[in-house]
Number of protein chains: 2
Amino acid sequence: MTSAECAEQKPYHHGDLRRVVIDTALDMLQEQKGWQFTLREIARRASVSHSAPYRHFPDKASLLHELALIGFDRLRDELLAALDPTLGAPIHLQALAYAHLAFGTRNPDLYRLMFNADAGEPSDIHLDPRTQAPFLLVIDVLERGQREGTIRRRSALGQATACWAHLHGLTMLAIDGRLVPEKVGDHAIEDALATLFDGLVLGESQPISRN
Amino acid sequence: MTSAECAEQKPYHHGDLRRVVIDTALDMLQEQKGWQFTLREIARRASVSHSAPYRHFPDKASLLHELALIGFDRLRDELLAALDPTLGAPIHLQALAYAHLAFGTRNPDLYRLMFNADAGEPSDIHLDPRTQAPFLLVIDVLERGQREGTIRRRSALGQATACWAHLHGLTMLAIDGRLVPEKVGDHAIEDALATLFDGLVLGESQPISRN
DNA sequence: TGGCAATGTAGACACTGACAACTTGATCTG
DNA sequence: CAGATCAAGTTGTCAGTGTCTACATTGCCA
């Protein structure tokens, strides 16, 4: 029985505008190319005056900041969902890799927003624990693999950075349509991941390739 | 004896405006954060009317496109300068890696612009031969290394994609200030590259670490 | 009951990208 | 050498944007 039920005449106060602004912005990120959506368009879609969103976000940059943090939450959730403790570390890493790629491919503009740290903020976003969660996940799996003897013994932090960079780069290239088959082959992603795992996994246990 | 010499009163026609627009835009990319410079600011700096640049670029996106292509030219030049045919493939790759990183670090916003393919164009930029040149360089070195027996035998295309992704990701993370030591260790870049080379280089010849 | 703080509205300002119409001047042709 | 032509630069204009200020509405608490 919320007040939003009598849709005949909308009440003066929206009641849940902050959430609606965020949801609308996320929708527009999915639709549009680039995150050059406008606050006024968001207000229009929410049937609210053009400056109402400013009651909830001091400026556009802070909305972008919030969206990026939500993106990291979602990425962490999707990586968590891909975890299966019964599997060994190498397969585990592969599942994480494909989950990461899938997330980026499904939310290209949100993904770009998360990592660009543009939008005016001095990229202090990367110090937020919410952005660190996915990284810590990878470190855990690597350390477990080193204890199991399936992962090459090196600084897990360095290996995690390597995974992070590799996956991030691959995702960006995929998002930007840079992995066109004529240039990079038909199995670019699998091949690139194979080289990453060549550097991580001990022994000849090649990661299973997707078909 | 150009007409630009009598600076007392500037002539009606600038004479070299296209180049000046590009150079000014490149300057602003270096100064500012983000490529949200304005065409009008460029015109102001060039002491030219606000719509003069439109005689040389149909819109802002096409200027960004041109800037990105110039960026790829410069990246190719810097990678070429790092090449030394007397060296073996592994060291060679390491030199390319550091050159790539240096380029991105020195021109962060230009680098981001090159890869974002945002700005409205449908990312057809990646089909331009000018953007392919750096990629082909890496393939050459990898194929040579495979013939020499210093590089693991795999699809060179896939390995090149792996290098490309790894380097791109690492550069982006570095540019975005994501590799803060508290999170990722003091030797994040060296460590991450070590894992890449673990996956590429045959035998125990570890790449020389920078100190 | 009254007032206050949160939330929404209306209006304004400077700025931007883009377009149209006009001006200038070099260059080419008869 | 006169004059057309056309690239290149100018002013003016328009819709749209982010952001600020002043005002309106309303739920809630003393």
Side-chain angles (χ1 to χ4, degrees), chain A residues 1-25 28-29 31-67 113 116 118-121, chain B residues 1-25 28-29 31-67 113 116 118-121:
Chain A
M1 297 292 180
T2 70
S3 64
E5 284 198 349
C6 78
E8 317 295 354
Q9 59 176 17
K10 64 164 191 166
Y12 189 87
H13 284 98
H14 183 286
D16 200 17
L17 187 54
R18 182 186 166 88
R19 174 173 308 273
V20 169
V21 164
I22 289 176
D23 289 346
T24 307
M28 297 176 74
L29 272 181
E31 303 168 14
Q32 234 174 297
K33 52 186 185 300
W35 62 91
Q36 295 310 12
F37 60 80
T38 69
L39 285 186
R40 289 171 109 106
E41 171 71 12
I42 291 177
R44 247 172 263 131
R45 294 204 190 185
S47 303
V48 114
S49 82
H50 65 258
S51 72
Y54 282 85
R55 294 294 145 186
H56 300 274
F57 301 94
D59 54 14
K60 187 177 177 179
S62 92
L63 171 59
L64 292 177
H65 187 94
E66 178 66 27
L67 293 176
L113 172 59
N116 234 37
D118 194 28
E121 5 158 15
Chain B
M1 296 287 182
T2 72
S3 66
E5 285 198 349
C6 76
E8 318 294 354
Q9 58 176 20
K10 63 166 189 163
Y12 189 87
H13 284 97
H14 183 288
D16 199 18
L17 186 54
R18 184 185 165 87
R19 174 174 308 275
V20 169
V21 164
I22 290 176
D23 288 347
T24 307
M28 296 175 76
L29 271 181
E31 304 168 11
Q32 235 174 295
K33 52 186 182 300
W35 62 91
Q36 294 310 13
F37 60 80
T38 69
L39 285 186
R40 290 174 108 105
E41 172 71 12
I42 291 177
R44 248 172 261 131
R45 294 204 191 186
S47 302
V48 114
S49 82
H50 63 258
S51 74
Y54 283 88
R55 295 292 145 183
H56 300 274
F57 301 94
D59 54 13
K60 187 177 176 179
S62 91
L63 170 59
L64 293 177
H65 187 95
E66 178 67 28
L67 294 176
L113 172 59
N116 235 36
D118 194 28
E121 3 159 15

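To find a chain, count down the sequence lines: A is the first, B the second, and so on, and within it residues start at 1.
With C:dA18, C:dG8, D:dT10 as the choices, the nucleotide that has an atom nearest any side-chain atom of B:K60 turns out to be C:dA18. Considering only side-chain atoms of A:R55, the nucleotide from D:dA22, D:dG18, C:dG17 that sits closest is D:dA22. Considering only side-chain atoms of B:H56, the nucleotide from C:dG8, C:dG17, D:dG9 that sits closest is D:dG9. Between C:dT16, C:dA10, D:dG12, one nucleotide has an atom nearer to the side chain of B:S51 than all others, and that is D:dG12. Each of C:dT16, C:dG17, D:dT19 was ranked by its minimum atom distance to the side chain of B:Y54; first place goes to C:dG17. Closest to the B:R40 side chain, of the nucleotides C:dT9, D:dT19, C:dT16, is C:dT16. The side chain of A:T38 approaches D:dT17 more closely than any other nucleotide in the set C:dT9, D:dT17, C:dT16.
Checking side-chain atoms of B:T38 against main-chain N and O of B:E41 turns up a donor-acceptor pair under 3.5 Å.
How far CZ of A:R55 is from CZ of A:R18: 14.5 Å, rounded to the nearest 0.5 Å. To the nearest 0.5 Å, the span separating CG on B:L39 from CG on B:L64 amounts to 8.0 Å. Note that OG1 of B:T24 is 12.0 Å distant from CZ of B:R19, once rounded to the nearest 0.5 Å.
Remark: C1' of D:dT17 and CD of B:Q36 are 13 Å apart, rounded to the nearest angstrom. The CZ atom of B:R44 sits 14 Å away from the P atom of D:dT10 (whole-angstrom rounding).
Residue A:R18 is out of contact with every strand shown, counting any heavy-atom pair closer than 4.0 Å.
With hydrogens and angles ignored, a donor-acceptor pair closer than 3.5 Å exists between the side chain of B:H50 and the base of D:dG12.
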